Amino acid sequence: MSIKLRLIIMNFFQFFIWGSWLISLGGYMFTFPGDQCERGALVGATYGTMGIASLFMPTLVGIIADRFVNAEKLLGICHLAAAAALFWASTVKDVNLLYSIILINSCFYMPTIALNNTVSYNILTQNNFDVQRIFPPIRVYGTVGFIIAMWGVDLLGWTKSSNQFLFAATASIIMGVYSLTMPACKPAKATKGSSFIEMLGLNSFVLFKQPRMVVFFLFAMLLGAALQITNAFGQPFLNDFGTAYKGTFAVNHPSLLISLSQISETLFILTIPFFLKRFGIKKVMLMSMVAWALRFGLFGIGNPGDGLIFLISSMIVYGMAFDFFNISGSLFVEREADESIRASAQGLFMLMTNGLGAIMGGWAAGKVVDHFTTNNMGACSGIKDWPSIWFTFAAYAMVLTIIFPIVFKYKHDTGIPRKSNK
């Protein structure tokens, strides 16, 4: 089996696992009994567990991969541990306990996103491939896996069932075992005379000495907040059209409609090498911010009836919103970081986006949803003013769009230059 095919399979299962439950979890949590007027905050907090885990786990695991244990072995171990948590989640009937289990699962799954990139970059480099050109087409299959998992859960009728966790756990076991068979990605050996900080790999934080990297990581965090919003509330939003638009495609198959976002993502991934080379990271991230504003704004005016075109348009622009920030940002960090800190630098990127960003996004989004949920004189109807919710998020993205080009100082010449080792 060729190296590229092996990496395609690895990326496929990496995101197949996530696609099995990430988008449908929010809707599933709204089926639990309890106060629906406070459920938005709990759903947001549950998605925020991915952020809590990303505050320390990707960086910690990245340090271990950089210095002590092969990255592909760590990838396999983390997936096997995450599978156990997913099996446990399938047995839970208490929404508050489910929060704790998702936190445990996140502690093992979130580091695998950065590890998957590290293993892919390492193996491609070992085989003398151009990482910036070859990796995006391979990463496309991760999104394909995410889409197929979403379709499977939707068509099997599991979007509001605990079976979605059993589905994900099975895939996680397969991924864990498969990862252990990948080519060795050995840790870099600490050189004689290395400081304690260098021995632990914490010198990835040296990137913060560069003003432009400080700004880059700050906005990576703020965009990371936007990412969790539609993950958590996209499906509950469509579910709430169940009465007014009963029998429509969007109501009967919300995951299939949302999967158009991931299909768009696969197409935009393929354009990343062109856009990075032609425009540079600054303009590419700016495009992402504009796309996020459109993503939320189109949700605000859309519905499953005569407004279906707006929902579909929102799904299409998601590909640019996600890829031009997440994938391009990862490649930018890969090029800026010294070879000796690649894994921990990817972990640092994860800390800012899926860590601090996810916590902030989950908490704030939950508060916004609850604020626009009808609660008159203590009587909770659970009815949400979705247009106001989405327009609030769109305004947030527009503020970022205005500020970013002013504060991020970066001149693009002929691509993203790798930082000198001198």
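It should be emphasised that the depicted structure is a prediction, and the values quoted were computed from it without experimental measurement.
Using bins of under 30°, 30° to 60° and over 60° for the plane-to-plane angle, the ring pair Phe296/Trp390 lands in the parallel bin. Ring geometry, Phe349 versus Phe216: the interplanar angle falls under 30°, so the pair is classed parallel (tilted spans 30 to 60°). Ring-plane geometry between Phe275 and Phe324 is classed as tilted, the angle between the planes lying from 30 to 60 degrees on a 0 to 90 degree scale. Using a 30° and 60° split on the angle between ring planes, Phe233 and Trp386 fall in the tilted class, from 30° to 60°.
No donor-acceptor distance shorter than 3.5 angstrom exists from the side chain of Tyr47 to the backbone of Gly361, with no hydrogens or angles considered. Side chain of Thr46 to main chain of Leu42: a donor-acceptor pair is present (N/O by atom type, distance under 3.5 Å, no hydrogens or angles). The main-chain N or O of Met175 is found under 3.5 Å from a side-chain atom of Ser179 such that the two form a donor-acceptor pair. At distances below 3.5 Å, not a single donor-acceptor pair connects side-chain atoms of Tyr245 with backbone N or O atoms of Leu238. Remark: the backbone N or O of His79 is paired with a side-chain donor or acceptor of Ser172 at under 3.5 angstrom. A donor-acceptor pair is defined here as one N or O able to donate and one able to accept, closer than 3.5 Å; no such pair exists between the side chain of Asn11 and the backbone of Arg139. With hydrogens and angles ignored, the 3.5 Å screen pairs a side-chain donor or acceptor of Lys282 with a backbone N or O of Pro405. The backbone N or O of Trp158 lies less than 3.5 Å from no partner atom in the side chain of Asn163, so there is not a single donor-acceptor pair.
Ring centroid separation for the pair Phe237 and Phe299 comes in under the 6.0 Å cut-off.
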Apply side-chain contact (heavy atoms from CB on, under 4.5 Å) to the pair Trp292 and Ile229, showing each step before the final yes or no.
CA-CA 11 Å; Trp292 276 119; Ile229 292 171; over 6 Å; no
List the steps, then state whether side-chain contact (heavy atoms from CB on, under 4.5 Å) holds for Met289 with Phe325.
CA-CA 8 Å; Met289 294 173 196; Phe325 149 63; over 6 Å; no
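Taking OG from Ser261 and CE from Met150, the interatomic distance works out to 7.5 Å, rounded to the nearest 0.5 Å. Note: Ser264 OG to Asp323 CG = 7.5 Å, rounded to the nearest 0.5 Å. Considering CG of Leu294 and CD1 of Ile316, their distance stands at 11.5 Å, rounded to 0.5 Å. With rounding to the nearest 0.5 angstrom, the CD1 atom of Ile147 is 4.5 Å from the CD1 atom of Ile263. Within the model, atoms CH2 of Trp88 and CG of Leu98 stand 10.5 Å from one another, a figure rounded to the nearest 0.5 Å. Remark: Asp385 CG to Ile389 CD1 distance equals 6.5 Å, nearest 0.5 Å.
Counting heavy atoms of neighbouring residues, nucleotides and ligands inside a 6.0 Å radius, atom OH of Tyr396 exceeds 12 of them.
For the residue pair Asn239/Gln235, the side-chain donor-acceptor check at 3.5 Å is not satisfied.
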